[in-house]
2 protein chains.
Amino acid sequence: MDIQLKRGLLDVCVLASIKNEDSYGYKIIKDMKPYLELSESTLYTILKRLEAANMLTVRSIEHEGRLRKYYHITDEGLNRIREFKYDWEEILAIHQFITREDSENE
Amino acid sequence: MDIQLKRGLLDVCVLASIKNEDSYGYKIIKDMKPYLELSESTLYTILKRLEAANMLTVRSIEHEGRLRKYYHITDEGLNRIREFKYDWEEILAIHQFITREDSENE
DNA sequence: GTGTGATACATCGTAGCACGAAGTATATCA
DNA sequence: TGATATACTTCGTGCTACGATGTATCACAC
């Protein structure tokens with residue numbers, strides 16, 4: 001998928017992938033992969049951005065000798081997902097504009 | 001609408017707005033306005049990019065003392081719109097991923 | 001015990017892109 | 001005479017996704 005097209009979806013997708021259950025970087029990438037592929041460097045940038053925006057919180061947990069950073073969504077993060085629904089209405093309208101055929105034009 | 005979300009839609013939207021009928025900058029902005037607002041500087045950047053990518057051709061026409069640059073879509077431009085339909089399938093899947101509720105998770 | 005691949009996170013530089021600001025120029029209407 | 005609409009252009013800025021590279025542990029094979 002085109003990079004530009006991904007941009008607006010990425011943040012919300014990451015939030016959606018931790019919405020139901022706290023998760024960590026490596027797992028988020030795997031969960032999103034069927035829908036939207038992203039590199040590690042991209043994800044960690046996004047996670048930092050979302051943390052700075054108070055949309056998620058982090059806690060480090062030792063797991064089998066390795067460190068894992070678990071991300072937890074905040075109320076603001078949940079709001080961001082809710083607000084996406086309004087964006088989605090606009091996207092649907094844009095989609096119609098793009099795919100419309102010329103029948104009755106001015 | 002969020003800038004990031006617009007990015008992937010803009011190019012295709014501009015192509016769609018000249019698909020049925022040649023058009024010029026100022027008119028394109030007005031036609032798109034109900035769906036997607038964009039500034040003049042943005043549009044003219046996009047038009048140049050699409051021209052460089054052979055997705056449209058330009059011809060200047062004098063209209064009431066002012067110059068107008070009419071843009072005409074090429075076959076490659078039409079292809080770009082057709083290909084968007086595949087992207088759209090992916091977007092729909094992503095939308096489902098984002099809005100899904102936790103009922104049966106792994 | 002040594003190599004390979006998976007897991008896990010981090011940093012840096014780059015390039016694409018949308019935008020605001022500012023500019024040029026003409027026509028219309030108050 | 002000045003405001004508003006039309007019409008196109010250029011410049012600088014800031015955001016962001018990505019590849020490249022690095023660090024470190026664990027499991028498994030050979």
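Quick note on labels: first sequence line is chain A, next is B, and so on, each numbered from 1. Only heavy atoms go into these numbers, but all of them, side chains included; no hydrogens, no water, no symmetry mates.
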Determine, for A:Phe97 and A:Arg100, whether the Lys NZ or Arg CZ falls below 6.0 Å from the six-membered ring centre while staying within 45 degrees of the axis.
-> yes
For A:Lys33 and C:dT7, give me the distance from atom NZ to atom P, rounded to whole Å.
-> 10 Å
Close side-chain approach of A:Glu51 and A:Thr57, heavy atoms under 4.5 Å = no
Those residues at least two apart in sequence (or on a different chain) that pass side-chain contact (heavy atoms from CB on, under 4.5 Å) with B:Leu92 are A:Trp88, B:Trp88
For A:Glu62, does the CD atom have more than 12 heavy-atom neighbours from other residues, nucleotides or ligands under 6.0 Å away?
-> yes
Can you name the closest pair of heavy atoms from B:Ile18 and B:Ile73 and give their distance?
-> CD1-N, 3.7 Å
To the nearest Å, how far apart are A:Leu47 CG and C:dC9 P?
-> 9 Å
Where each residue is assigned the nucleotide of DNA chain C containing its nearest heavy atom, which of B:Glu37 and A:Tyr71 is assigned the position nearer the 5′ end?
-> A:Tyr71
Contact interval (first through last nucleotide) of DNA chain D with protein chain A, 4.0 Å heavy-atom | D:dC15 to D:dC26
Assign a letter to each nucleotide of nucleotides 11-18 of chain C from its 5' end: B, base within under 4.0 Å of a protein heavy atom; S, sugar-phosphate only; -, no contact.
-> B----BBS
Any idea which heavy atoms bring B:Val14 and B:Leu47 closest together, and the distance?
-> CG1-CD2, 3.9 Å
Closest contact, heavy atoms only, B:Met32 versus B:Cys13 = CE-CB, 3.6 Å
Any donor-acceptor N/O pair, B:Thr42 side chain to B:Leu38 backbone, under 3.5 Å | no
Atom pairs under 3.5 Å: protein N/O with N/O of nucleotides 26-30 of chain C:
from, atom 1, to, atom 2, distance (Å)
C:dT26, O2, B:Arg66, NH1, 3.2
C:dA27, O4', B:Arg66, NH1, 3.2

To the nearest angstrom, the CZ-C1' distance between A:Arg68 and C:dC9 comes to 12 Å
Residues which pass side-chain contact (heavy atoms from CB on, under 4.5 Å) with B:Arg49, listed by chain and number, not counting sequence neighbours = B:Asp11, B:Thr45, B:Ile46
Whole Å only: how far is the CG atom of B:Leu38 from the P atom of C:dC19?
-> 6 Å
Would you mind reading off the distance between A:Lys30 atom NZ and C:dC9 atom C1', rounded to a whole angstrom?
-> 15 Å
Go through the structure and list residues passing side-chain contact (heavy atoms from CB on, under 4.5 Å) with B:Asp22, not counting sequence neighbours.
-> B:Arg59, B:Tyr70, B:His72
Supply the atom-to-atom distance A:Leu9 CG to B:Ile94 CD1, rounded to the nearest 0.5 angstrom.
-> 4.5 Å
